[in-house]
Amino acid sequence: MKNTKLKLIAWIGLFAIALLPIGTQAAWHHQSGIIGFVDSGQFEGGLMPGVWAVVVCSDTGKFVTALNTDEDGLFCVDLKPGNYVLRASLPALPYPDQPLSNIAVLGPLERVKVVNNRFTFVDLKP
């Protein structure tokens, strides 16, 4: 009787875990990544406005993901443990009645190591 109760409790527990949303299950496996800030600083003519793009590549140069910062320059991305290379960029904004520019502000490459069950903080400079 005792053995049957334990099996029943185990099956109910497994069933409850299976019903959790997929994002919740994934969070149990990958609780690591990067939290960062793009420090736009002062550019000629004042503070560089806008939302920055951050490109994340593996240390071998393969594209992993790209994301935008919020208006304050903050970003967060979940990543598996490993070595990554990040770069911040900001496309040039066109002026009224002017052609679209193909020039963008590109920051230096920043190497980052992500450790299992940790979020690494990085301060990107453009």
Side-chain angles (χ1 to χ4, degrees):
M1 183 71 170
K2 225 179 194 183
N3 197 15
T4 307
K5 284 183 182 179
L6 287 175
K7 285 183 182 179
L8 182 61
I9 290 171
W11 278 107
I12 291 172
L14 289 173
F15 183 71
I17 290 172
L19 292 178
L20 288 173
I22 292 173
T24 305
Q25 293 173 6
W28 289 359
H29 299 291
H30 303 291
Q31 294 180 342
S32 57
I34 298 172
I35 297 173
F37 174 69
V38 178
D39 183 7
S40 59
Q42 294 288 331
F43 284 89
E44 187 176 327
L47 187 67
M48 187 67 134
V51 174
W52 290 81
V54 177
V55 177
V56 180
C57 295
S58 68
D59 61 344
T60 59
K62 292 183 180 178
F63 174 80
V64 176
T65 188
L67 58 135
N68 290 330
T69 66
D70 65 8
E71 293 173 354
D72 296 322
L74 299 170
F75 67 93
C76 181
V77 60
D78 295 330
L79 295 168
K80 294 179 183 177
N83 295 316
Y84 297 93
V85 178
L86 279 67
R87 173 176 266 173
S89 65
L90 182 69
L93 300 174
Y95 289 99
D97 299 323
Q98 296 292 319
L100 184 61
S101 174
N102 61 355
I103 299 172
V105 176
L106 295 176
L109 296 175
E110 182 77 29
R111 297 189 183 284
V112 179
K113 181 174 184 170
V114 175
V115 181
N116 192 27
N117 293 322
R118 303 259 190 247
F119 276 83
T120 303
F121 182 80
V122 64
D123 187 7
L124 297 177
K125 305 258 188 244

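Numbers for residues simply follow the sequence, beginning at 1. Please read these numbers as outputs of a predicted model, since none were measured by experiment.
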Review point. Could you give all pairs that pass the side-chain hydrogen bond (donor to acceptor under 3.5 Å, both in side chains) test and reach residues 81-90, with sequence neighbours left out?
Key: none
Exercise for review: Ignoring hydrogens and angles, tell me if any N or O in the side chain of Ser32 forms a donor-acceptor pair with the backbone of Val114 under 3.5 Å.
Suggested key: no
Practice item. Please check if Val55 and Val38 belong to a single hydrophobic cluster, counting links between Ile, Leu, Val, Met, Phe, Trp and Tyr side chain heavy atoms closer than 4.5 Å. Key: no
Check your understanding: If two hydrophobic side chains count as joined below 4.5 Å and joins carry through other members, does Val85 share a cluster with Val77?
Key -> no
Review point. Shared ILVMFWY cluster between Val112 and Val64, side chains joined below 4.5 angstrom?
Key: yes
Listed pairs under 3.5 Å, donor-acceptor, residues 119-126 side chains, sequence neighbours left out:
from: Thr120; atom 1: OG1; to: Lys113; atom 2: O; distance (Å): 3.0
from: Asp123; atom 1: OD2; to: Lys125; atom 2: NZ; distance (Å): 3.4
from: Lys125; atom 1: NZ; to: Asp39; atom 2: OD2; distance (Å): 3.1

Review point. Is any side-chain heavy atom of Leu86 less than 4.5 Å from a side-chain heavy atom of Phe75?
Key: yes
Practice item. For the residue pair Val56 and Leu67, establish whether any side-chain heavy-atom pair is separated by less than 4.5 Å. Key: yes
Check your understanding: Once you round to the nearest 0.5 Å, how far does CG of Asn116 lie from CD of Gln31?
Key -> 9.0 Å
Check your understanding: Would a distance-only check, ignoring hydrogens and angles, find a side-chain to backbone donor-acceptor pair under 3.5 Å from Asp72 to Leu74?
Key -> no
